[in-house]
Protein chains: 4
Amino acid sequence: MLPVGEPKFRRRKADRPDEIVEAALQVFAAKGFAAARLDDIAARAGVSKGALYLYFATKEEIFRAVVELAIAPNLKGVLAMVAAHPGPFADLVAQFTARMAEVVENSPVGRVAKMVIGEAQNFPALAGVWHDELVAPALGAVAGAIAAAQARGEVRPGDPRAYALSLVGPMLLGAIWRETFVPVGAEPFDLSGLARQHAQAILTGMLTNESRAA
Amino acid sequence: MLPVGEPKFRRRKADRPDEIVEAALQVFAAKGFAAARLDDIAARAGVSKGALYLYFATKEEIFRAVVELAIAPNLKGVLAMVAAHPGPFADLVAQFTARMAEVVENSPVGRVAKMVIGEAQNFPALAGVWHDELVAPALGAVAGAIAAAQARGEVRPGDPRAYALSLVGPMLLGAIWRETFVPVGAEPFDLSGLARQHAQAILTGMLTNESRAA
Amino acid sequence: MLPVGEPKFRRRKADRPDEIVEAALQVFAAKGFAAARLDDIAARAGVSKGALYLYFATKEEIFRAVVELAIAPNLKGVLAMVAAHPGPFADLVAQFTARMAEVVENSPVGRVAKMVIGEAQNFPALAGVWHDELVAPALGAVAGAIAAAQARGEVRPGDPRAYALSLVGPMLLGAIWRETFVPVGAEPFDLSGLARQHAQAILTGMLTNESRAA
Amino acid sequence: MLPVGEPKFRRRKADRPDEIVEAALQVFAAKGFAAARLDDIAARAGVSKGALYLYFATKEEIFRAVVELAIAPNLKGVLAMVAAHPGPFADLVAQFTARMAEVVENSPVGRVAKMVIGEAQNFPALAGVWHDELVAPALGAVAGAIAAAQARGEVRPGDPRAYALSLVGPMLLGAIWRETFVPVGAEPFDLSGLARQHAQAILTGMLTNESRAA
DNA sequence: TATGAATGAGTGTTCATTCAT
DNA sequence: AATGAATGAACACTCATTCAT
């Protein structure tokens, strides 16, 4: 009952960066990098504009932190799952696509991905981070699992990276669709249903006759 | 004493808007909407900055014209092909994916698409145009062809729109990959090869046993 | 009688840079480089802040233009006088000091010099310009004339550059005095009188007995 | 459980202001007033930025303290020497110029002087302090000694203040030269040599024929 | 039709100063 | 006495848009 009114200074250094990055995620996702105003980020984080510079040197650094925030917790787990999976390949694909649809549906990855794509020219460093830390490892892991399945005779011959794109492309496009076109009136996709249907179709085409029979 | 013989080959004024849009396409594609400067567009079009406003009311109008320019000639033809195709479905898919890979590889559609995605929040009108005039008709046409093939018993049951996404997703993702990650060192995809391999795989999964046997 | 009221655009490109530099001279002299605000310069020049950037790329460029403005017309003439002087040395000194006092008294050289001195650390480039284009040539010319007079037996042995400083030091210090201390209540110096008295005293000390007798 | 043995050699709090002023001298001399950052001063003094405000109300107050620090110990002694000197005038001048060259060479007076000159407009109070406490007394003392020598028939008639400027000008200009132009590549002066040569020349011009003969 | 000088609102960044601890 | 997180006003520079010519 004592502390009345908002104290002017909150003194919570440890929490601030996360609060700022969280606020920045909202603003960047809503406006894109260039159109996002530091004033807005500060206001949404409940700090002054100057306070931003206690934790980040430039606007671009804040963006980078947002990207890293979106990367780290969301997809590392999926990768581990893929890497560790023993087989058969059909099971992996079913689990993987379902998990991917879930992540896309419930995390800001889609919004951040859109930002990275949109700002790639002006901030190649960000595209680089996103590629090196997320996209390339993810694609590599999936391609690796495919190659292993090919070696086991489960999957037909063909470029494993291209197969990986065949596998994940529709879900990612669904995520972009949701962020880009649904707000202007497009009919949304049911990402989980899409994932299921696509997994079944693409699997049938990828598996060898023998493993398909199994 | 009067200025004599001044214009040698004065450009037709009727050409100006197209020249401007063409220049704007380059600049927007290189920088994105917000970072593109009207000065650059004017310089590249060989006109003064003020002249831009004789033909377009705002920067956004120029962007809109660019989007429309990129849409019209490039994809309308593909749509016509799809709409008119009699069957069998397998042939259509082979033709369609090959043509799509070609368009993506040789036209600025990929770059413009990236811009639209990136600026969708700030300029929903543009995402709307892109959706209404390109994406929705295209997806509809493909879904329609799929539905027809399902009716003919060529394609398995399932949501035709989702199947359409399964069909085009990997190629579009390949286009985004090229524009976004290849410049920062990612390994490029061979879009034509990807189209072929994907078409074969997804077709196998989509076709009914009967039609597959055929 | 027709043009009533101030037109919004004046369209006098040729005159603008000079007007801006003139205004900048006032403001820089009054505040120093760092404390001068571009708004003030623009307002005093009767243009918008943006217009400044049509003619100068940065604040520092404006400063540089001011420095060059103050250098060029004021002291080049003095140098020519010194370089061309045939002798005797005593006559040269009398003319030179008088002219120098006059320039210091009636031109902004003093104020600009003070700025250059004050900002030398932060903008070494400016000190460099001032040194290379004004101070070093001037000192060199005077030292050269002294060396020539020594060769003719008119002036006693000794370092010509140091003699040059002996010659000009008091007048320059008088200029600094006027700009720095007179505004806070210091008693001013009569620069012309100072020049005369100093010239006589230092000349006596510099001349050889023979030439002094002459 | 209480904090034990925390301070080893905690600095006496009484020393703090001096440490701050000493640090400020370095920073102000290196950057000038406006460009000096309180952060830098605090860091160099080994205290927090907030601690500065325990001892000084504003940045300007710190500057004032620096000026006073630089004034007091360095030139008061010279003045005393001048005031107390019995004569002959030639001896006084020799001693005085030598001592002045030494002070200028080995103390921060030159740098602080440059700051005062550069910031005089923005902080007239400082120019006032510098004038009232240093420059005016010094000039007065020298002028007084000259007047006394004139009364004794040692020095020719003429304005004693102007003679004083003739005496000290070159050395002060040498100090400014060192701080301003040597860092940008100018050839330095040997201040002691300059002082000797100048003293001899100006003395010859100032002394009466009788005293010169002596 | 065309120019391009001019505008002025907008924004990232800095930094002296304050204050809860 | 001392800290250092936080503030907020200030300012250089940009650029879409206007308009006299």
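Naming convention: chains lettered A, B, ... in sequence-line order (proteins, then strands); numbering from 1 in each chain.
Here E:dT1 presents its C1' atom at 14 Å from CD of B:Glu19, a figure rounded to the nearest Å. Between the CD atom of D:Glu61 and the C1' atom of E:dA16 there is a distance of 14 Å, rounded to whole Å. The OH-C1' distance, from C:Tyr55 to E:dT7, rounds to 12 Å in whole Å. Atom CD1 in A:Ile41 sits roughly 8 Å away from atom P in E:dG12 (whole-Å rounding). Following rounding to the nearest Å, C:Asp40 (CG) and F:dA10 (P) show an atom-to-atom distance of 13 Å. For A:Leu52 and E:dT14, the CG to P distance is 12 Å, given to the nearest whole Å. Per the geometry, CD1 belonging to D:Ile20 stands 12 Å off C1' belonging to F:dA1, to the nearest Å. Atom CZ in A:Phe56 sits about 13 Å away from atom P in E:dT13, given to the nearest Å.
Remark: C:Asp40 CG to C:Gln26 CD distance equals 12.0 Å, nearest 0.5 Å.
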| request: I would like to know whether A:Val112 and A:Trp130 meet side-chain contact (heavy atoms from CB on, under 4.5 Å); could you show each step before the answer? | output: CA-CA 10 Å; A:Val112 176; A:Trp130 188 261; 3.6 Å; yes
| query | Could you walk me through whether C:Val27 and C:Arg44 pass the side-chain contact (heavy atoms from CB on, under 4.5 Å) check? | reply | CA-CA 8 Å; C:Val27 178; C:Arg44 195 179 284 251; 3.7 Å; yes
| query | Could you walk me through whether B:Phe56 and B:Arg64 pass the side-chain contact (heavy atoms from CB on, under 4.5 Å) check? | reply | CA-CA 10 Å; B:Phe56 303 95; B:Arg64 188 187 305 272; over 6 Å; no
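Ion pair D:Glu179/D:Lys114 not flagged as a salt bridge, since none of the NZ, NE, NH1 or NH2 atoms sits closer than 4.0 Å to an Asp/Glu carboxylate oxygen.
Base pairing analysis places E:dA20 opposite F:dT3; the two distances defining the Watson-Crick or G-U wobble pair are each below 3.5 Å. Base pairing annotation: F:dA12 forms a Watson-Crick or G-U wobble pair with E:dT11, both donor-acceptor distances under 3.5 Å.
Ring geometry, D:Phe63 versus D:Phe28: the interplanar angle falls from 30° to 60°, so the pair is classed tilted.
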| said: Treating primed atoms plus P, OP1 and OP2 as sugar-phosphate and everything else as base, which nucleotides of nucleotides 12-17 of chain F get B, S or - for protein heavy atoms under 4.0 Å? | reply: BBBSBB
